[in-house]
2 protein chains.
Amino acid sequence: MSVPDIKDLVDRYIAVSFSVEKKAASLVKDQIGSDLTNDQHFTLRYINQAGSCTSSELAEVFDVKKSAITAMITRMWEKGLVQRTRDENDRRVVYLTLTEKGNELYVKAEEKIHILVESFINKFDQTEIQQFIETFEKLDKVLSQTNGQ
Amino acid sequence: MSVPDIKDLVDRYIAVSFSVEKKAASLVKDQIGSDLTNDQHFTLRYINQAGSCTSSELAEVFDVKKSAITAMITRMWEKGLVQRTRDENDRRVVYLTLTEKGNELYVKAEEKIHILVESFINKFDQTEIQQFIETFEKLDKVLSQTNGQ
DNA sequence: TTTAACTGTTCAACTACTTAACTATTAACG
DNA sequence: CGTTAATAGTTAAGTAGTTGAACAGTTAAA
């Protein structure tokens with residue numbers, strides 16, 4: 001691959017990945033509506049799948065400082081979506097779980113996103129979709145390694 | 001494709017695309033440093049490539065309200081990165097252009113991101129990279145259509 | 001010429017994030 | 001055992017980015 005080729009590839013990669021990122025987030029936001037922000041939805045999603053988790057865990061997964069998690073969980077707690085429970089054995093630890101309301105809202109939002117993504121991937125054929133997911137999974141793997149340096 | 005298949009595909013798609021989005025943004029942020037935020041960098045990028053543009057144009061491209069653009073451009077103007085120039089023919093319009101400092105900072109940040117992305121895509125073979133870009137371009141195209149509804 | 005449409009700004013309110021200092025608790029080690 | 005380290009989470013001040021609604025000024029349309 002010659003020098004201008006790689007520069008051109010990198011250029012296209014940057015431009016189009018940024019564009020896709022912005023547009024996808026915007027679509028999801030429109031679909032979820034005003035009950036939940038994107039970040040709050042993905043927080044509910046994580047807690048739901050983990051059953052329960054800690055602030056430190058969320059901070060690592062979302063790659064933000066713990067104080068950012070405290071603030072977000074407080075906002076969600078004020079809306080009645082999550083609960084804080086202190087660990088009896090290690091009194092430093094606080095477990096986060098979904099309330100009934102939080103779970104309901106999560107399921108509703110998840111359904112909406114499923115419909116959105118399904119209608120979206122229906123615009124492509126099977127081979128293409130497999131390729132999309134393969135692409136994302138490969139990128140995700142290498143990004144995880146790069147982050148861990 | 002049976003029903004559980006498509007549900008599973010959608011699940012994987014949502015999870016992995018969110019993960020990639022977060023990690024990529026985080027890497028870029030680390031690379032750019034504290035001089036520029038991701039959004040400010042991509043705003044510089046857009047203005048640089050367009051030569052000059054308007055607030056309305058940016059609002060449409062980034063899919064945010066015009067007041068959000070006013071606020072961001074003001075922050076960048078305070079840092080001496082962009083200029084506002086009123087159109088002489090249509091006094092409603094304000095043209096945004098990069099200052100010398102803005103352009104320098106953009107070029108520097110762009111170099112950093114190029115090195116990052118290049119080292120990143122060097123971890124894959126040519127066929128894979130072509131596939132990545134193809135994937136993003138297909139997604140971008142359909143996302144644009146979906147947004148326009 | 002009045003009315004409508006458009007461009008951009010201001011303001012209040014909100015989400016999200018960082019840094020730094022802090023509390024409370026547990027673990028480590030001499 | 002007791003002092004010191006590390007760990008989990010919170011608080012507070014400051015910044016970035018966003019929305020919605022009201023607004024000023026300008027241009028286009030009726």
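Note on naming: letters A, B, ... go to the chains in the order of the sequence lines (proteins, then strands), and numbering restarts at 1 for each one.
Qualifying side-chain contact (heavy atoms from CB on, under 4.5 Å) partners for B:Lys65, counting only residues two or more places apart in sequence or in other chains: B:Ser67. Here B:Val16 pairs with A:Phe136, A:Glu137, A:Asp140 under the side-chain contact (heavy atoms from CB on, under 4.5 Å) rule; sequence neighbours left out. With sequence neighbours left out, the side-chain contact (heavy atoms from CB on, under 4.5 Å) criterion links B:Arg92 to B:Asp90. Remark: A:Thr74 pairs with A:Arg84 by the side-chain hydrogen bond (donor to acceptor under 3.5 Å, both in side chains) rule, at least two apart or across chains. Residues that satisfy the side-chain contact (heavy atoms from CB on, under 4.5 Å) test with B:Asn89, not counting sequence neighbours, are B:Asp87. For A:Lys66, the side-chain hydrogen bond (donor to acceptor under 3.5 Å, both in side chains) test picks out no residue, with sequence neighbours left out.
Residue A:Asp87 is classed as having no contact, given no heavy-atom separation below 4.0 Å to the nucleic acid.
Once you apply a 4.0 Å limit to the heavy atoms of chain A, the touched nucleotides of DNA chain C run 5' to 3' over C:dT15 to C:dT26.
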Would you give me the side-chain donor-acceptor pairs under 3.5 Å for residues 47-62 of chain A, sequence neighbours excluded?
| from | atom 1 | to | atom 2 | distance (Å) |
| --- | --- | --- | --- | --- |
| A:Asn48 | ND2 | A:Asn103 | OD1 | 3.0 |
| A:Thr54 | OG1 | A:Glu57 | N | 3.2 |
| A:Glu57 | OE2 | A:Tyr46 | OH | 2.7 |

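Grouped by direct or indirect side-chain proximity (heavy atoms under 4.5 Å, Ile/Leu/Val/Met/Phe/Trp/Tyr only), B:Val93 sits with B:Tyr95.
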Heavy-atom protein contacts under 4.0 Å, nucleotides 5-18 of chain D, coded B base, S sugar-phosphate only, - none: -BBBBBB----SBB
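Within the structure, salt bridge (charged side-chain N to carboxylate O under 4.0 Å, His left out) contacts touching residues 99-114 of chain A (residues at least two apart or in different chains) are A:Arg45-A:Glu110.
Axis orientation changes by 20° from one end of the helix from C:dT1-D:dA30 to C:dT25-D:dA6 to the other, with each end axis drawn from 5 pairs and the value rounded to 10°.
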